[in-house]
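All residue numbers in this chain count up from 1 along the given sequence.
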Amino acid sequence: MLTPILASLLLPLLLLCRISFCQYSSDQCSWKGSGLSHEGHTRDVEQVYLRCSQGSLEWLYPTGAIIVNLRPNTVSQAATRLSVCIKPSADSRGTNIYLDRNGKLRMLLREQDQTQGKVQCFNILEGSLFIEAVPHMDISRRITVFQYELVSDRLAHSQSAPCQPCSDAEMLLAVCTNDFVARGSIKKVEQEEEHSSVTVEISRLYRQKSQVFVSGGVRVRSWKGHIKMPLQCGVKSGEGEFLFTGMVRFGEAWMGCAPRYKDFLRLYHEAEQQGTNPCHVDTD
């Protein structure tokens with residue numbers, strides 16, 4: 001088997017690249033392939049093109065290597081400020097994953113690291129994914145699986161960045177653009193290994209993605225759910241109502257701006273009088 005560096009250097013001249021196109025649905029692209037198609041052609045490198053905001057990859061019985069090209073489905077200057085985040089399955093094994101930029105490889109995830117299921121992010125300009133099979137006598141139990149999402153650079157680093165209060169402009173914009181916006185209270189905070197899990201009770205749900213908040217029932221006008229935050233934010237349960245905003249990543253809600261609701265109301269009405277609100281919110 002070729003080493004990763006040699007494979008990338010010889011790719012333009014020596015390797016036969018077979019093209020596989022992603023499977024399209026309304027909002028995601030996924031690819032599923034098998035290394036058995038490489039049997040007898042272990043030096044082939046397969047090109048995979050995924051052009052959606054989110055999706056998944058599943059490579060059964062990996063042999064040889066594949067190059068995964070992740071791109072947004074539209075071309076604009078804003079695309080350069082996107083990050084790619086991948087989350088390997090806990091069962092993922094059989095390959096090492098590199099970033100390939102113009103033939104130069106940088107390790108992103110070793111085979112043993114993938115089982116931890118940790119999210120890894122990189123700027124979209126840093127290159128494509130070069131996924132190389134690790135030689136094993138028995139490949140029958142090997143499968144590489146991960147989900148991917150294209151997100152803004154700021155969101156990609158929000159989980160590990162120190163908590164900073166949102167500015168007035170950021171707060172108003174979050175209400176218009178974030179994946180979830182909800183009014184409610186904090187019921188419990190649990191410290192987990194790498195983040196805090198905040199249990200919230202929602203009295204008014206303005207918007208949500210992926211059903212992260214679950215209704216209490218037909219006769220109960222409330223919702224419950226969990227929102228994750230970095231450990232260093234030091235959030236505590238307490239009285240009062242908040243306006244929770246944030247993003248959904250791989251099916252999990254992550255906190256963005258979360259002002260006290262009374263503070264948001266004051267800010268919103270001031271902006272409304274000045275005509276600077278980016279969107280309308282029903283505050284009745």
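- At least one side-chain heavy atom of Q114 sits under 4.5 Å from a side-chain heavy atom of T95.
- Remark: side-chain polar atoms of Y98 are not paired, donor with acceptor, to backbone N or O of I131 under 3.5 angstrom.
- Rounded to the nearest 0.5 Å, atoms OG (S34) and CD (E46) are 9.5 Å apart.
- Atom OG1 of T245 and atom CD of E170 lie 10.5 Å apart (nearest 0.5 Å).
- In the hydrophobic clustering of this structure, Y206 does not group with I186; members are Ile, Leu, Val, Met, Phe, Trp, Tyr whose side-chain heavy atoms approach within less than 4.5 Å, directly or through other members.
- Counting heavy atoms from C-beta outward, Y261 and L243 have side chains that approach closer than 4.5 Å.
- The SG atom of C176 sits 11.0 Å away from the NE2 atom of H280 when rounded to the nearest 0.5 Å.
- At least one side-chain heavy atom of M247 sits less than 4.5 Å from a side-chain heavy atom of N178.
- Listed here is the closest heavy atom pair of D113 and L109: CB-CD2, 3.9 Å.
- When side chains are defined from C-beta on, K228 does not count as touching V198, because their heavy atoms never get closer than 4.5 Å.
- Remark: A271 pairs with L172, T276, N277 by the side chain to side chain contact (heavy atoms under 4.5 Å, CB included) rule, at least two apart or across chains.
- Counting only heavy atoms from C-beta outward, the side chains of R249 and Q54 never approach each other to under 4.5 Å.
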| said: Checking W31 against L57 for the side chain to side chain contact (heavy atoms under 4.5 Å, CB included) test, could you report, in this order, the C-alpha distance in whole Å, the side-chain angles of both residues, the deciding distance, and whether it holds? | reply: CA-CA 5 Å; W31 180 87; L57 179 141; 3.6 Å; yes
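- Using a 4.5 Å heavy-atom threshold, the side chains of I124 and P72 count as touching.
- Applying the side chain to side chain contact (heavy atoms under 4.5 Å, CB included) test to S197 and every residue at least two apart in sequence or in another chain returns E192, H226.
- With sequence neighbours left out, R204 forms a salt bridge (Lys or Arg N to Asp or Glu O under 4.0 Å) with D282.
- V200 and F264 fall into different hydrophobic clusters, where Ile, Leu, Val, Met, Phe, Trp and Tyr residues are linked whenever their side-chain heavy atoms come under 4.5 Å apart, directly or through other members.
- Atom CZ of R110 has 12 or fewer heavy atoms from other residues, nucleotides or ligands within 6.0 Å.
- Taking CZ from R51 and SG from C29, the interatomic distance works out to 9.5 Å, rounded to the nearest 0.5 Å.
- Side-chain contact between I97 and F130 is absent, with no heavy-atom pair separated by less than 4.5 Å.
- With sequence neighbours excluded, the residues forming a side chain to side chain contact (heavy atoms under 4.5 Å, CB included) with V145 are E58, S89, I143, listed by chain and number.
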| said: Go through it in stages, so that I can follow the logic: the residues are V151 and L82, the test is side chain to side chain contact (heavy atoms under 4.5 Å, CB included), and I'd like the CA-CA distance, side-chain angles, deciding distance and then a yes or no. | reply: CA-CA 6 Å; V151 299; L82 288 175; 6.0 Å; no
| task | Run the numbers on F244 and M255 for side chain to side chain contact (heavy atoms under 4.5 Å, CB included), then give the verdict. | result | CA-CA 7 Å; F244 302 116; M255 192 81 79; 3.8 Å; yes
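- Using a distance-only test at 3.5 Å, with no hydrogens or angles considered, no donor-acceptor pair links the side chain of R221 to the main chain of S215.
- Ion pair E111/R142 flagged as a salt bridge, since at least one NZ, NE, NH1 or NH2 atom sits closer than 4.0 Å to an Asp/Glu carboxylate oxygen.
- In terms of hydrophobic clustering, with Ile, Leu, Val, Met, Phe, Trp and Tyr side chains grouped at heavy-atom distances under 4.5 Å, V281 and W223 are assigned to different clusters.
- Looking at residues two or more places apart in sequence or on another chain, you find a side chain to side chain donor-acceptor pair (under 3.5 Å) between S203 and E241.
- Legend: ring-ring contact (aromatic ring centres under 6.0 Å, His included) pairs involving residues 169-201, not counting sequence neighbours, sorted by first then second residue: F180-F213, H195-W254.
- Two residues are said to be in side-chain contact when any heavy atoms from C-beta on lie closer than 4.5 Å; L129 and L70 meet this criterion.
- Contacts classified as salt bridge (charged side-chain N to carboxylate O under 4.0 Å, His left out) and involving residues 259-269 (residues at least two apart or in different chains) are given here: R266-E270.
- Contacts of N69 classified as side chain to side chain donor-acceptor pair (under 3.5 Å), with partners at least two apart in sequence or in another chain: Q47, S128.
- Applying the side chain to side chain donor-acceptor pair (under 3.5 Å) test to Q191 and every residue at least two apart in sequence or in another chain returns S196.
- Every residue two or more places apart in sequence or in another chain that forms a side chain to side chain donor-acceptor pair (under 3.5 Å) with R106 is listed here: E126.
- Through side-chain heavy atoms spaced under 4.5 Å, either directly or across other Ile, Leu, Val, Met, Phe, Trp or Tyr residues, V214 is tied to no other residue.
- Atoms CZ and OG, on F146 and S92 in that order, are 8.5 Å from each other to the nearest 0.5 Å.
- Linking ILVMFWY residues whenever their side-chain heavy atoms come closer than 4.5 Å, directly or via other members, leaves V181 and F242 in distinct clusters.
- Expressed to the nearest 0.5 Å, how far SG of C85 lies from CG of L150 amounts to 8.5 Å.
- V189 and I202 fall within a single hydrophobic cluster, where Ile, Leu, Val, Met, Phe, Trp and Tyr are joined by side-chain heavy atoms under 4.5 Å apart, directly or via other members.
- Closest approach of V248 and D179 over heavy atoms only: N-OD2, 2.8 Å.
- Shortest non-hydrogen contact noted between P62 and A133 is O-CB, 3.4 Å.
- Every residue two or more places apart in sequence or in another chain was checked for a salt bridge (Lys or Arg N to Asp or Glu O under 4.0 Å) with K224, and none qualifies.
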| Derivation of the side chain to side chain contact (heavy atoms under 4.5 Å, CB included) call for T115 and R93 | CA-CA 7 Å; T115 57; R93 54 180 51 84; 3.8 Å; yes
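- What you find for Y148 and S56 is that their closest heavy atoms are CE2-N, 3.5 Å.
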